[in-house]
Amino acid sequence: MSYAPESYDPDNIFAKILRGDLPCHKVFEDDDTFAFMDIMPRTPGHVLVIPKTPCRNMLDASPAQIAAVMATVQKISLAMLEGYGADGITLQQFNEPAGGQEVYHLHFHILPRHEGDTLLPPRTMADADDVAAEAEKIRAALG
Ligand code: 5GP
């Protein structure tokens with residue numbers, strides 16, 4: 001079966017964040033990728049990593065987009081373990097509605113985990129001050 005992506009919607013929420021049309025708590029960016037806090041976190045410190053160039057999800061992404069995003073995912077994950085106090089990392093990545101995707105710009109979820117923790121409920125807004133505080137801790141861990 002071949003995959004025929006819908007055309008990329010330049011007005012998806014993450015494209016607006018990339019353009020600066022919507023606010024976010026940025027934790028990291030480089031030439032090719034951008035990382036910011038999820039406002040409905042499944043764990044405290046839940047970060048999203050996206051490519052700066054458009055693609056709908058992992059299925060239409062180029063190998064270069066995937067490589068750039070994964071390098072940033074690893075960098076932030078290591079910082080969470082080394083400077084933020086996480087014991088482990090859970091990655092999530094969803095493709096198409098049946099795969100659980102809700103925002104159609106490729107993104108990886110990084111969930112810092114602590115021994116014995118459980119995931120927070122989905123689609124639940126966090127306290128904005130808590131998200132800002134976690135972002136500050138992650139930025140500090142990244143140096
Ligand atoms: P998906 O199911 O597409 O992988 O997840 C989309 C993610 O985007 C969800 O975890 C959701 O909480 C997050 N999200 C949705 N709207 C916004 C927003 O306006 N800002 C931020 N920072 N995250 C969002």
Side-chain angles (χ1 to χ4, degrees), residues 3 5-143:
Y3 173 67
E6 304 294 322
S7 58
Y8 177 82
D9 172 10
D11 286 326
N12 74 74
I13 292 168
F14 295 167
K16 289 180 179 173
I17 286 174
L18 273 175
R19 287 197 296 270
D21 294 345
L22 285 177
C24 74
H25 294 285
K26 180 177 92 171
V27 295
F28 177 81
E29 78 175 298
D30 61 15
D31 287 348
D32 301 314
T33 66
F34 190 85
F36 57 103
M37 304 304 290
D38 197 307
I39 56 173
M40 292 176 265
R42 301 304 308 277
T43 65
H46 181 165
V47 164
L48 300 168
V49 182
I50 65 176
K52 286 185 171 176
T53 48
C55 58
R56 181 175 165 89
N57 56 38
M58 210 235 345
L59 302 170
D60 67 329
S62 68
Q65 285 174 312
I66 293 171
V69 167
M70 289 312 299
T72 296
V73 166
Q74 185 187 46
K75 179 184 179 76
I76 294 172
S77 298
L78 287 169
M80 286 172 168
L81 287 178
E82 288 161 8
Y84 171 84
D87 301 316
I89 301 293
T90 298
L91 299 183
Q92 294 182 325
Q93 197 279 316
F94 306 111
N95 300 279
E96 298 302 324
Q101 186 175 12
E102 294 182 353
V103 178
Y104 296 96
H105 181 111
L106 172 65
H107 53 280
F108 278 78
H109 300 254
I110 309 178
L111 310 181
R113 304 301 302 270
H114 295 88
E115 290 295 344
D117 71 2
T118 53
L119 296 186
L120 298 168
R123 298 185 190 86
T124 306
M125 290 289 277
D127 180 275
D129 291 341
D130 291 346
V131 176
E134 295 303 316
E136 187 51 47
K137 283 196 260 177
I138 293 166
R139 283 193 291 268
L142 281 160

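Start at 1 with the first residue, then count along the sequence. Computed from a predicted model, the values in this text were never measured in an experiment.
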Is there a donor-acceptor pair under 3.5 Å between the side chain of [X] and the backbone N or O of [Y]?
| X | Y | result |
| --- | --- | --- |
| H107 | F94 | no |
| T124 | P122 | yes |
| E6 | R56 | no |
| T43 | P112 | yes |
| D130 | D127 | no |

Listed partners of [X] passing side chain to side chain contact (heavy atoms under 4.5 Å, CB included), at least two apart:
| X | result |
| --- | --- |
| L81 | A86, I89 |
| K16 | D11, R19, D21, L22 |
| D32 | D30, A68 |
| V131 | H25, M37, A126 |

Give me the atom names and distance for the closest heavy-atom approach of [X] to [Y].
| X | Y | answer |
| --- | --- | --- |
| A141 | A79 | CB-O, 3.5 Å |
| S77 | I110 | OG-CG2, 3.7 Å |
| V49 | T72 | CG1-CG2, 3.7 Å |

[atom1] of [X] to [atom2] of [Y]: how many Å apart, nearest 0.5 Å?
| X | Y | atom1 | atom2 | answer |
| --- | --- | --- | --- | --- |
| D60 | Q65 | CG | CD | 7.5 Å |
| I138 | K26 | CD1 | NZ | 14.5 Å |
| K52 | D31 | NZ | CG | 6.5 Å |
| D38 | C24 | CG | SG | 11.5 Å |

Looking at L18, I17, I13, N57, which hits side chain to side chain contact (heavy atoms under 4.5 Å, CB included) with H105?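 When L18, I17, I13, N57 are each tested with H105, the side chain to side chain contact (heavy atoms under 4.5 Å, CB included) holds only for L18.
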If the condition is side chain to side chain donor-acceptor pair (under 3.5 Å), which residues does [X] pass it with, not counting sequence neighbours?
| X | answer |
| --- | --- |
| K75 | none |
| E102 | R123 |
| Q93 | N95 |

A quick test of your reading: do over 12 heavy atoms of other residues, nucleotides or ligands sit less than 6.0 Å from CD of Q74?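 Incorrect, the count does not exceed 12.
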Listed partners of F36 passing ring-ring contact (aromatic ring centres under 6.0 Å, His included), at least two apart: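 F36: ring-ring contact (aromatic ring centres under 6.0 Å, His included) contacts with F14, F34.
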Counterpart residues, ring-ring contact (aromatic ring centres under 6.0 Å, His included), relative to Y104 (two or more places apart):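 For Y104 there are no ring-ring contact (aromatic ring centres under 6.0 Å, His included) partners, ignoring immediate neighbours.
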Residue pairs fulfilling ring pair (Phe, Tyr, Trp, His ring centres under 6.0 Å) with at least one residue in residues 48-83, sequence neighbours excluded: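 Output for this query is empty, none listed.
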Residue pairs passing the ring pair (Phe, Tyr, Trp, His ring centres under 6.0 Å) test where at least one lies in residues 39-88, sequence neighbours excluded: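 Qualifying pairs: H46-H109.
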Hey, are the side chains of L91 and L111 touching, using non-hydrogen atoms and a 4.5 Å cut-off?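 Side-chain contact under 4.5 Å: no.
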Quick one: does F108's side chain get under 4.5 Å of I76's, heavy atoms only?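 Counting from C-beta outward, F108 and I76 never come under 4.5 Å.
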Working note: M58 + L106, criterion side-chain contact (heavy atoms from CB on, under 4.5 Å); need CA distance, chi angles, decisive distance, verdict. CA-CA 6 Å; M58 210 235 345; L106 172 65; 4.1 Å; yes
Worked verdict on R113 versus L119 for side-chain contact (heavy atoms from CB on, under 4.5 Å): CA-CA 9 Å; R113 304 301 302 270; L119 296 186; 3.7 Å; yes
Summary of salt bridge (charged side-chain N to carboxylate O under 4.0 Å, His left out) pairs that have at least one residue in residues 39-50, sequence neighbours excluded: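 Counting only pairs at least two positions apart or across chains, no salt bridge (charged side-chain N to carboxylate O under 4.0 Å, His left out) contact touches residues 39-50.
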